[in-house]
Amino acid sequence: MIQMTTQSSKLIHLGRLNVTLVSSVLRFLSTYKTLNNSTIVEPVKLAYASYESMKENNNVTIHPIVIMHGLFGSKNNWNSLSKVIHQKTQRKVIAVDARNHGDSPHSSEMSYKHMAQDIVQLLNDLEFEKAILIGHSMGGSTMMYLALNYPELVEKLLVVDMSPARASPSLIQMISIFKAMRSVTLEGSPSLTKARKMAEEQLMESVKPLTLRQFLTMNLVEAEPGKYKWRVNLPVLEQNFSSEIAVFPNVEGKVYMGPTLFIGGSNSDYIKVEDHPAIKKLFPSAQFIYINGANHWVHADNPTEFINIATNFINQSHSS
């Protein structure tokens, strides 16, 4: 049986109805980390869900897996996949909400430096010596940045449909998506289901794919009875999108030498074959696999093949 726990300010052990307060004493003495000579980055405590077996695993050498979603996503997007990844690898899986997303705190700061530092703080808090990092899109860039700056914390890196070499031309559509989301009005919505339906209809003109509209409206939550809001910090995401999220930051010649896998969608333009040489300058051990027929949401378009590829990579022995 898999035990799933979620955390914001506390861990809720489902099935046992056992609530355990998160201990703050597990933190390292330094709350703040310096990622370069000029920038002090203050981390936030991320909300997360933990997937692990009820039976204790005594093999302490097996490091956990930490997963981060993409822009407008949440840890809930990875619920089913996390369970299967845990079953197939026998590793604890931690799926996080990025800052300004899901149940994690809102912050005026939104950059890959900040998001990477949030993960470092989480690893410190949970006393993880190392982890296997998985990230999709924005989450992929976060995990790449972390691996380049803290290679000693990373056993392996798996990036889902994101490239550090260039920004996808598809990202230009995000400008209209932000505008459309800002324009949604939900007067007189009696229920969350109805509110999401109304929002979906209002987004239709700017966001054509139905699956994308449904994905976006999952971010609508009830602020108070009969009133709804976006769960994501929309103003901060929009303000920082072009300068901090759409482009991968300059890493000043840093390299991550560990095992690295990029999984792309054959129908996506996020990882081009011509990008491979530039990517391998940052990640010399990088391998590339494309899932046929998949778009940017590779893991949702073909979860079975994605799971097989990901878990084979995780379970494979890699020489040091």
Side-chain angles (χ1 to χ4, degrees), residues 1-8 10-14 20 22-28 33 43-69 73-98 102-104 115-136 139-140 142-147 149-160 256 258-261 263 299 306-307 309-318 320:
M1 177 181 290
I2 295 176
Q3 174 179 312
M4 171 185 163
T5 62
T6 60
Q7 182 272 351
S8 52
K10 59 187 178 182
L11 295 178
I12 303 175
H13 295 262
L14 300 182
T20 306
V22 172
S23 171
S24 61
V25 298
L26 298 180
R27 295 186 183 184
F28 276 60
K33 299 276 187 176
V44 302
K45 287 185 68 68
L46 300 179
Y48 63 85
S50 177
Y51 303 82
E52 54 192 300
S53 298
M54 300 289 285
K55 183 179 179 181
E56 184 178 357
N57 189 335
N58 294 320
N59 190 345
V60 295
T61 64
I62 296 182
H63 300 301
I65 300 165
V66 180
I67 302 173
M68 181 181 280
H69 57 80
S74 76
K75 61 183 181 298
N76 297 336
N77 303 144
W78 286 82
N79 181 36
S80 298
L81 291 170
S82 294
K83 292 177 182 177
V84 180
I85 290 172
H86 165 70
Q87 290 173 332
K88 287 181 172 289
T89 64
Q90 293 302 300
R91 295 175 185 254
K92 178 183 290 188
V93 177
I94 304 290
V96 306
D97 281 333
D103 297 319
S104 285
M115 287 186 279
Q117 193 58 54
D118 294 341
I119 297 293
V120 171
Q121 185 65 46
L122 179 68
L123 297 179
N124 288 348
D125 288 346
L126 297 179
E127 295 190 308
F128 293 156
E129 178 186 354
K130 282 188 173 185
I132 293 177
L133 304 183
I134 299 177
H136 170 244
T142 298
M143 298 313 202
M144 284 189 282
Y145 192 84
L146 192 159
N149 284 278
Y150 293 95
E152 71 279 4
L153 297 180
V154 184
E155 180 183 346
K156 298 181 183 183
L157 174 66
L158 198 164
V159 180
V160 186
Y256 173 67
T260 305
L261 176 63
I263 302 178
H299 51 293
F306 173 82
I307 286 289
I309 293 170
T311 55
N312 284 342
F313 172 71
I314 292 167
N315 291 332
Q316 182 181 354
S317 295
H318 293 267
S320 302

Distance, nearest 0.5 Å, that separates CZ of Phe128 from CG of Leu153: 12.5 Å
Residue pair Gln121 / Asp125, side-chain donor-acceptor N/O under 3.5 Å: yes
Flag side-chain contact, heavy atom, 4.5 Å: Asp97 against His69: yes
Considering all heavy atoms, the nearest Ala95-Ser82 contact: CB-OG, 4.0 Å
Over all atoms of both residues, closest heavy-atom pair of Pro259 and Glu155: CD-O, 3.5 Å
For Ser74 against Gly102, the heavy-atom pair lying closest together: CB-CA, 4.4 Å
Heavy-atom side-chain proximity of Val96 to Val66 below 4.5 angstrom: yes
Gln117 and Tyr150: side chain donor to acceptor below 3.5 Å: yes
Test side chain to side chain contact (heavy atoms under 4.5 Å, CB included) applied to Thr142 and Asp118, step by step: CA-CA 10 Å; Thr142 298; Asp118 294 341; over 6 Å; no
Stepwise side chain to side chain contact (heavy atoms under 4.5 Å, CB included) test for Gln90 and Ile62: CA-CA 9 Å; Gln90 293 302 300; Ile62 296 182; 5.6 Å; no
OH on Tyr51 to CG on Leu81, rounded to 0.5 Å: 9.5 Å
Note, Trp78 side chain near His299 side chain (heavy atom, < 4.5 Å): yes
pair Asp103-Lys75: side-chain heavy atoms closer than 4.5 Å: yes
Distance, nearest 0.5 Å, that separates OG1 of Thr89 from CG of Asn312: 11.5 Å
Nearest heavy-atom neighbours spanning Lys130 and Pro64: O-CD, 3.4 Å
Value rounded to 0.5 Å, distance of CD1 in Ile307 from CD in Gln87: 9.5 Å
Qualifying residue, where the test is side chain to side chain contact (heavy atoms under 4.5 Å, CB included) with Ile94 and the options are Ile67, Ile65, Leu122: Leu122
Nearest non-hydrogen partners of Phe306 and Ile263, listed with the distance: CE1-CD1, 3.8 Å
Interatomic distance, Leu146 atom CG to Met68 atom CE [nearest 0.5 angstrom]: 9.0 Å
Side-chain heavy-atom pair Leu157, Met144 within 4.5 angstrom cut-off: yes
Leu261 vs Lys156 side-chain heavy atoms within contact, under 4.5 Å: no
Smallest separation among heavy atoms of Val154 and Ala147, with atom names: CG2-CA, 3.8 Å
Check: Thr311 side chain, Ile85 main-chain N or O, donor-acceptor pair, under 3.5 Å: no
NE2 on His86 to CZ on Arg91, rounded to 0.5 Å: 12.0 Å
